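Here the structure is laid out as structure tokens; the discussion comes afterwards.
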Amino acid sequence: MEYFGETLIVLLILVAVAVAAVMFEPADPLENWKRLNERYGTSSWPGNPQFTMQQIQFGGPRGGLKPLSSSAAFDVEMDEFGLCLAGRGIGAEGGPEVIRVPGTHVRPAGKRKQGYVFKLYAEPPVRILVAGEVGSELLRRAQGG
């Protein structure tokens with residue numbers, strides 16, 4: 001019984017390490033953008049953006065939300081189809097990368113101090129953090145309003 005306390009502490013540390021290993025998600029938000037681009041990428045832009053030069057953060061199902069880079073900015077358009085994002089300052093080409101996500105694949109996932117979190121369906125889902133008026137409008141549309 002004299003070693004029970006030490007054994008319990010070691011066991012708890014091993015459990016914590018095992019849980020952290022299972023829950024680990026890569027910290028690179030660019031991988032999430034690439035996943036969205038593979039599924040929803042397009043070469044066509046639907047029209048005039050309603051919001052320009054927006055800062056959007058990306059993350060996976062469990063990880064934190066981070067900007068793609070310090071120079072990445074997005075033009076946003078929402079229409080009857082869904083959400084369209086044109087990202088600038090992401091790839092090496094320098095041109096915009098455009099994704100069109102159907103409205104049925106955008107779900108509200110919570111509110112943060114910085115804005116609203118949405119889940120975009122890919123494999124696995126990608127979460128985005130959208131602030132300000134863009135986040136409010138996307139929330140209204142995602143809730144069917």
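All figures in this text were calculated on a predicted structure; none of them were measured in a lab.
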Looking only at non-hydrogen atoms, find the nearest pair between V101 and Y40 and report the distance.
CG2-CD1, 3.8 Å
In the structure I gave you, are the side-chain heavy atoms of P61 and K119 within less than 4.5 Å of one another anywhere?
no
Can you list the steps and then say if K34 with E38 is a salt bridge (Lys or Arg N to Asp or Glu O under 4.0 Å)?
CA-CA 6 Å; K34 288 178 182 175; E38 286 173 7; over 6 Å; no
Considering only heavy atoms from C-beta outward, does the side chain of K111 approach that of L139 to under 4.5 Å?
no
Straight-line distance of L85 CG to I128 CD1, nearest 0.5 Å:
6.0 Å
Do R107 and Y121 touch side chain to side chain, with heavy atoms closer than 4.5 Å?
yes
Ignoring hydrogens, what is the shortest heavy-atom contact between A73 and Q55? Give both atom names and the distance.
CB-NE2, 4.0 Å
Do the non-hydrogen side-chain atoms of F118 and L83 ever get within less than 4.5 Å of each other?
no
Provide the closest heavy-atom pair for L65 versus L129 in the form atom of the first, atom of the second, distance.
CD1-CB, 3.9 Å
Any side-chain heavy-atom pair of F74 and P49 under 4.5 Å
no
Audit row: V98, C84, side chain to side chain contact (heavy atoms under 4.5 Å, CB included) steps and yes/no
CA-CA 7 Å; V98 180; C84 187; 3.7 Å; yes
Where P108 and Q143 come nearest, the two heavy atoms and their spacing
CG-CG, 4.2 Å
Go through it in stages, so that I can follow the logic: the residues are I90 and L30, the test is side chain to side chain contact (heavy atoms under 4.5 Å, CB included), and I'd like the CA-CA distance, side-chain angles, deciding distance and then a yes or no.
CA-CA 8 Å; I90 299 170; L30 190 56; 3.7 Å; yes
Flag yes if V117 and I99 sit in one hydrophobic cluster, no otherwise; membership is Ile, Leu, Val, Met, Phe, Trp, Tyr, and two members link when side-chain heavy atoms are under 4.5 Å apart.
no
Does the side chain of H105 come within less than 4.5 Å of R39's, by heavy atoms?
yes
Apply side chain to side chain contact (heavy atoms under 4.5 Å, CB included) to I13 and I9, showing your working.
CA-CA 6 Å; I13 291 172; I9 290 172; 4.0 Å; yes
For M53, does its backbone N or O pair with a side-chain atom of D75 as donor and acceptor, under 3.5 Å?
yes
Less than 4.0 Å between a side-chain N and a carboxylate O, is that true for E137 and R141?
yes
Which heavy atom of Q57 sits nearest a heavy atom of P67, and at what distance?
CG-N, 3.7 Å
Within this structure, what is the CG-CD distance for the pair L36 and E97, rounded to the nearest 0.5 Å?
11.0 Å
Do the non-hydrogen side-chain atoms of R100 and D79 ever get within less than 4.5 Å of each other?
yes
When rounded to the nearest 0.5 Å, the distance separating CG of N37 from CG of N32 is 12.5 Å
Side-chain touch M78/V134, heavy atoms, less than 4.5 angstrom
yes
Would one find more than 12 heavy atoms of other residues, nucleotides or ligands at under 6.0 Å from atom CD of Q114?
yes
Given V76, which partner from the list I56, V130, L138 fulfils the side-chain contact (heavy atoms from CB on, under 4.5 Å) test?
I56
